[in-house]
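Here the structure is laid out as structure tokens; the discussion comes afterwards.
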Amino acid sequence: MDEKKGFYKVQNLELAAEGRKRIEWAESRMPVLTTLREKYRKTKPLKGFRIAGCLHVTKETAVLVKAFVEAGAEVSWSGCNPLSTQDDVAAALAEDGISIFAWHGMNVKEFYWCIEQTLRLKPNLTLDDGADLIFTIHNKHPELAVDTVIGGTEETTTGVHRLRAMAEAGALKYPVVAVNDAETKWDFDNVYGTGQSTIDGILRATSVLFAGKNVVVAGYGHCGRGVATRANGFGANTIITEVKPSAALKATLDGHRVMSMDEAAKIGDIFITATGVKNVIIARHFRVMRDGAIVCNAGHYDCEVNLVDLKRLTKRVREIRPNNEEYLLKNGRTIYVLAKGRLVNLAAAEGHPSEVMDMSFANQFMALLWLVDFFKKGKRLENKVYEIPKEQDEEI
Ligand code: 3DD
């Protein structure tokens with residue numbers, strides 16, 4: 001590990017050169033964000049503002065972080081998942097003077113330690129993917145939420161759900177923009193991004209044939225729909241499980257088979273959860289799974305595949321390939337779990353392609369400008385979850 005107390009902690013600074021090339025590659029495919037960066041390079045509207053970010057440290061996120069710095073902001077960053085940090089990118093950012101605390105394969109204690117380090121900046125803006133930063137501020141540093149932070153943004157569906165619940169309970173202490181709900185985010189990132197990057201993660205961890213396989217996708221929201229569509233493209237027989245009748249009907253009309261997980265568990269070859277809820281695949285499902293079944297998760301949290309249940313049924317676990325653990329069950333059958341049940345697209349691959357993250361992150365950039373603009377005009381926003389202004393979606 002390379003560490004400069006209070007400034008950065010990354011896996012290995014020697015990876016910086018590699019990381020820089022990967023960031024250049026992403027930059028060349030992110031025209032919207034780079035246009036915004038050029039547009040604000042001179043006026044520096046974020047000068048005097050301090051952004052704490054908690055979002056997957058990938059080559060695309062590095063382009064966003066650098067755009068904030070070019071726009072005048074001070075930035076301190078942590079990853080929002082223990083397995084999603086690209087260590088070479090983190091090294092490049094640290095070497096370029098960005099305060100970053102992130103490495104691949106951290107434990108939960110280290111995960112929250114990294115978030116705490118970013119708060120040394122005393123941020124007045126926060127950027128979240130899953131709301132762990134906002135929750136840490138509200139629970140551990142309420143004075144920061146009340147006296148310092150003027151607003152924040154939230155990247156993902158799960159995080160927006162958490163924050164809406166908080167706002168409804170009157171517990172939200174500063175305004176947050178639901179970046180996830182921008183059409184130029186969810187209708188591209190969640191559908192096309194998750195669709196492609198989830199398959200990418202599975203292929204890198206297994207290199208299995210998709211054609212002809214029974215691919216079970218749990219959840220037919222934007223993400224699940226994207227994954228099922230791409231699996232179909234590979235020639236898979238797609239099966240959807242859904243609790244929401246309208247979503248189940250949509251899946252049926254899109255040509256997928258729809259059934260309960262109890263039935264799908266018996267015939268599935270590859271299982272992908274994308275529901276945002278916990279315990280989607282549990283003991284009774286593992287018990288009836290085929291020998292050699294592959295199980296993974298595309299949702300933000302690792303709560304959808306119940307590994308505690310699986311371990312109870314298991315004789316022996318070993319890593320058979322990177323991000324691929326072989327569970328030999330007491331019933332003699334074998335199940336493969338990818339990326340320890342964490343989001344397989346970022347843990348076993350590189351997350352969504354740059355082209356879709358370009359639009360998601362352009363929304364992040366403009367949402368923070370929108371918050372700063374209100375602040376500079378002396379206006380007070382309410383402590384609630386705001387939608388992205390329609391004009392912003394259109395401009396992007
Ligand atoms: N997410 C997926 N791919 C990503 C990438 N390449 N860089 C940063 C974050 C990335 C997570 C997003 O899809 C986020 O919008 C979400 O979780 O919804």
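Heads up: numbering here begins at 1 and tracks the sequence. Just so you know, these numbers use all the heavy atoms, side chains as well, and skip hydrogens, waters and symmetry mates. All ligand and atom numbering here is 1-based and tracks the order in the structure.
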Salt-bridge test for Glu27 and Arg22: reply yes if a basic N is under 4.0 Å from a carboxylate O, no otherwise.
-> no
When the aromatic ring centroids of Phe188 and His222 are compared, is their separation below 6.0 Å?
-> no
Within the 6.0 Å centroid threshold, strictly below: Phe101 and Tyr8 = no
Run the numbers for me: atoms of ligand 1, each under 4.0 Å from some heavy atom of His352, listed by number.
-> 2 (C), 3 (N), 4 (C), 6 (N), 13 (O)
Candidate with minimal heavy-atom separation from atom 15 (O) of ligand 1, of Glu154, Glu155, Gln86 | Glu155
Ring geometry between Phe68 and Phe365 (parallel below 30°, tilted from 30 to 60°, perpendicular above 60°) | parallel
Numbering the atoms of ligand 1 from 1, which are under 4.0 Å from a heavy atom of Glu350?
-> 6 (N)
Taking only non-hydrogen atoms of Phe361 and a 4.0 Å limit, the atoms of ligand 1 in range are 8 (C)
Counting each atom of ligand 1 from 1 as listed, which ones have a heavy atom of Leu55 under 4.0 Å away?
-> 8 (C), 9 (C)
Find all atoms of ligand 1 within a distance of less than 4.0 Å from any non-hydrogen atom belonging to Lys185, and give their numbers and elements.
-> 14 (C), 15 (O), 16 (C), 18 (O)
Below 4.5 Å, heavy atoms only, C-beta onward: do Met289 and Arg333 meet side chain to side chain?
-> no
Atoms of ligand 1 close to Thr61 [distance to a heavy atom under 4.0 angstrom, numbered from 1] = 7 (N), 8 (C)
